[in-house]
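Below is one structure; the comments refer to it alone.
These values consider heavy atoms only, across backbone and side chains, with no hydrogens, waters or symmetry-generated copies.
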Amino acid sequence: MNLCFQLFLTFFKIGAFTLGGGYAMLDLVEKSVVEKKKWVEITEFWNLIAVIQSIPGVFAVNTALYIGYKLKGIKGALCAALGSVIPSVIIILLVAIFFTEYKRNEVVEQIFKGIRPCVVALILSPSLKMIKSTGFSWKMILIPIATVFLIWWCGISPVYVIIGAIIIGLLVGFVSYRFVKKEM
Amino acid sequence: MMVYLLLFWVYFKVGLFGFGGGYAMISMIQYEVVEHYAWMSSQEFADVLAISQMTPGPISINSATYVGYSVGGVFGAFLATFSLCLPMLIIMYFVIRYLFTNMENHYVKNVFRFLKPATAGLIFAVGLLLMNAENFADVGLHNSNVSVAICAVSFVASYFYKVNPILLLAISGLCGYVFFGVLQ
């Protein structure tokens with residue numbers, strides 16, 4: 001079978017069968033790409049995951065792009081990325097068309113009255129886990145608090161917060177490199 | 001025509017600055033779609049998030065397709081998803097060429113050190129922004145406050161007991177049907 005088609009098919013399956021997004025599919029990707037297809041070594045795979053976690057974009061698509069690129073260049077990257085995106089796009093599009101139709105339904109509205117508060121909880125929970133995982137040094141806890149203040153209170157665009165964090169990181173890197181001359 | 005250009009611009013930005021995965025992107029999408037352009041109400045946005053979580057695939061892709069559909073039909077759906085993925089193609093190219101060999105670089109390390117807590121704050125802030133009367137149907141002094149209870153219980157279940165989010169959404173939907181439908 002053509003390698004590009006194989007890439008497409010493998011990531012299509014991963015995209016179609018992972019509920020819950022990014023990290024939920026990690027296990028499935030590892031099984032099919034590392035264990036079954038042997039496209040990448042296990043150490044390379046975990047290095048890749050570490051890098052992808054820190055760059056912008058969709059986790060699944062970035063993984064597909066990298067593995068596709070490695071095996072078959074730009075063509076392979078595009079095939080793998082398309083494979084990972086197409087199933088979700090088709091499914092959610094059908095749901096969107098269907099849901100727009102039935103939104104006015106009374107029972108659907110009652111169900112969603114229960115679901116909405118749960119969505120809020122599902123957003124707050126991972127953010128607290130992330131804050132906890134960065135460590136509780138009180139200098140570092142100021143950053144998420146400042147972010148929340150800027151967005152929730154001042155209504156500043158999250159894009160500026162991210163640009164600000166990048167600039168501060170570069171400045172701190174510059175200062176510590178120039179004047180302290182040692183690792184932070 | 002204008003709406004398509006805006007849709008492209010919004011999702012291109014989200015893809016470009018989307019550090020920290022799906023939930024962090026949600027804070028940007030919420031800012032643009034609900035606050036800035038008012039394409040959707042906060043309630044509709046919470047519905048989109050719930051549906052995106054429950055259907056297979058990354059939450060960011062799902063919500064892009066959904067928002068794109070409700071703003072600009074089927075073409076809008078494909079356009080939003082494409083715009084979200086476009087920056088990744090460009091970024092991944094540089095990542096493969098440069099970042100993999102420079103993860104230990106002083107500047108790169110410092111930037112990530114500040115980005116991580118900032119994105120955690122972004123996610124927390126969007127959770128707070130969605131905590132409003134639109135999404136908490138019966139909140140108030142003399143009410144039964146079922147929505148507050150659903151939010152609190154879901155939070156505890158997700159944060160402390162790592163209960164599957166899809167299961168939580170399903171149970172909350174059932175609670176909504178019982179408390180806002182059957183028992184009313």
Side-chain angles (χ1 to χ4, degrees), chain A residues 15-16 18-22 51 54-62 65 69 85 87-89 91-93 95-96 107 110-127 130-131 134 140 143-144 147-148 151-152 157-159 161-162 165-166 168-170 172-173 177, chain B residues 17-19 21-23 27-28 31 46-47 49-50 55-62 65-66 69 77 81 88 92 95 106-107 110-112 114-118 120-125 127-128 130-131 135-137 147 150-151 154-155 158-159 165-166 168-169 172-173 175-177 180-181:
Chain A
T18 35
L19 278 164
V51 173
S54 26
I55 63 172
V58 183
F59 192 75
V61 179
N62 275 331
L65 280 173
Y69 185 82
V85 169
S88 17
V89 171
I91 294 168
I92 193 82
L93 193 56
V95 172
V107 175
Q110 286 156 3
I111 290 172
F112 272 87
K113 267 187 186 160
I115 281 180
R116 284 170 203 138
C118 180
V119 171
V120 173
L122 287 180
I123 290 173
L124 292 178
S125 159
S127 74
M130 260 176 97
I131 293 172
T134 53
M140 275 312 186
I143 298 171
T147 308
V148 169
I151 290 176
W152 192 45
S157 164
V159 171
V161 173
I162 287 176
I166 294 174
I168 292 173
L170 287 174
V172 169
Y177 189 66
Chain B
F17 292 105
F19 290 92
Y23 280 109
S27 86
M28 272 183 272
Y31 176 81
D47 294 351
L49 293 186
T55 48
I59 192 166
S60 45
I61 300 272
N62 288 343
T65 312
Y66 198 111
Y69 175 75
T81 315
M88 281 182 256
M92 203 57 198
V95 165
H106 193 68
Y107 287 97
N110 268 298
V111 167
F112 289 143
F114 284 89
L115 265 178
K116 207 180 162 195
L122 288 184
I123 304 173
F124 193 81
L128 291 180
L130 291 176
M131 218 184 244
N135 292 322
F136 286 67
S147 13
I150 290 177
C151 182
S154 307
F155 179 83
S158 162
Y159 188 81
I166 296 156
L168 283 177
L169 286 170
S172 305
C175 289
Y177 176 65
F180 297 111

Checklist entry - Given the rule in the side chain to side chain contact (heavy atoms under 4.5 Å, CB included) test, do B:Tyr31 and A:Ile151 qualify, once you have shown the distances and angles that lead to the verdict? => result CA-CA 9 Å; B:Tyr31 176 81; A:Ile151 290 176; over 6 Å; no
Checklist entry - When you look at B:Met88 and A:Ile55, which way does the side chain to side chain contact (heavy atoms under 4.5 Å, CB included) test go after all the steps? => result CA-CA 9 Å; B:Met88 281 182 256; A:Ile55 63 172; over 6 Å; no
Item to check | Chi angles and distances behind the side chain to side chain contact (heavy atoms under 4.5 Å, CB included) call for B:Ile61, A:Val89 | outcome: CA-CA 7 Å; B:Ile61 300 272; A:Val89 171; 4.0 Å; yes
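With a threshold of 4.5 angstrom between heavy atoms, B:Phe17 approaches chain A through its backbone and through its side chain. With a 4.5 angstrom heavy-atom cutoff, B:Ser27 touches chain A via backbone and side-chain atoms both. For chain B, the nearby parts of A:Ile162 are the backbone and the side chain; heavy atoms of each come within less than 4.5 Å. Only the side chain of B:Tyr69 comes within less than 4.5 Å of a heavy atom of chain A; its backbone N, CA, C and O stay farther away. Contact of A:Pro87 with chain B is not made at all, since no heavy-atom distance falls under 4.5 Å.
Taking a 6.0 Å sphere around CZ of B:Phe136, one finds it holds more than 12 heavy atoms contributed by other residues, nucleotides or ligands.
The shortest distance between side-chain heavy atoms of B:Met131 and A:Leu124 falls below 4.5 Å. Under the 4.5 Å side-chain criterion, counting only non-hydrogen atoms from C-beta, A:Ile168 is not in contact with B:Val111. For the pair B:Pro58/A:Ser88, a side-chain contact is recorded, criterion being any heavy-atom separation below 4.5 Å from C-beta on. Side-chain contact check for B:Phe19 versus A:Pro56: some heavy-atom pair is nearer than 4.5 Å.
Listed options B:Asn62, B:Leu115, B:Leu130, B:Thr81 were ranked by heavy-atom pairs under 4.5 angstrom with chain A; first place goes to B:Asn62. Counting heavy-atom pairs under 4.5 Å between each of B:Thr65, B:Leu168, B:Leu49 and chain A puts B:Thr65 at the top. When A:Ala165, A:Ala16, A:Ala96 are compared by the number of non-hydrogen pairs under 4.5 Å with chain B, A:Ala96 comes out ahead. Of the listed residues (A:Ile91, A:Leu65, A:Val58, A:Val119), the greatest number of heavy-atom pairs within a distance under 4.5 Å of chain B belongs to A:Val58. For chain B, the option among A:Val61, A:Val85, A:Thr147, A:Val95 with the highest count of heavy-atom pairs below 4.5 Å is A:Thr147. Annotation: maximal heavy-atom pairing with chain B below 4.5 Å, among A:Val148, A:Val107, A:Val161, occurs at A:Val148. Options B:Gly127, B:Ala46, B:Cys151, B:Ala125 differ in how many heavy-atom pairs under 4.5 Å they form with chain A, and the most are formed by B:Cys151.
Considering every non-hydrogen atom in both B:Tyr107 and A:Leu170, the closest pair reads CE2-O, 3.6 Å. Minimum interatomic distance between A:Ile115 and B:Ala50 (heavy atoms only, all atoms of both residues): CG2-CB, 3.3 Å. B:Phe180 and A:Lys113 make their closest contact through CD1-CB, 3.5 Å (heavy atoms, listed as atom of the first residue, atom of the second, distance). Between B:Ser147 and A:Pro117, the closest heavy-atom pair is O-CB, 3.2 Å. Minimum heavy-atom separation, A:Ile131 to B:Ala120: CG1-CB, 3.4 Å.
Atom OH of B:Tyr159 and atom CG of A:Leu122 lie 14.5 Å apart (nearest 0.5 Å).
Among A:Pro144, A:Ser127, A:Pro158, the single residue meeting the side chain to side chain contact (heavy atoms under 4.5 Å, CB included) criterion with B:Ile123 is A:Ser127.
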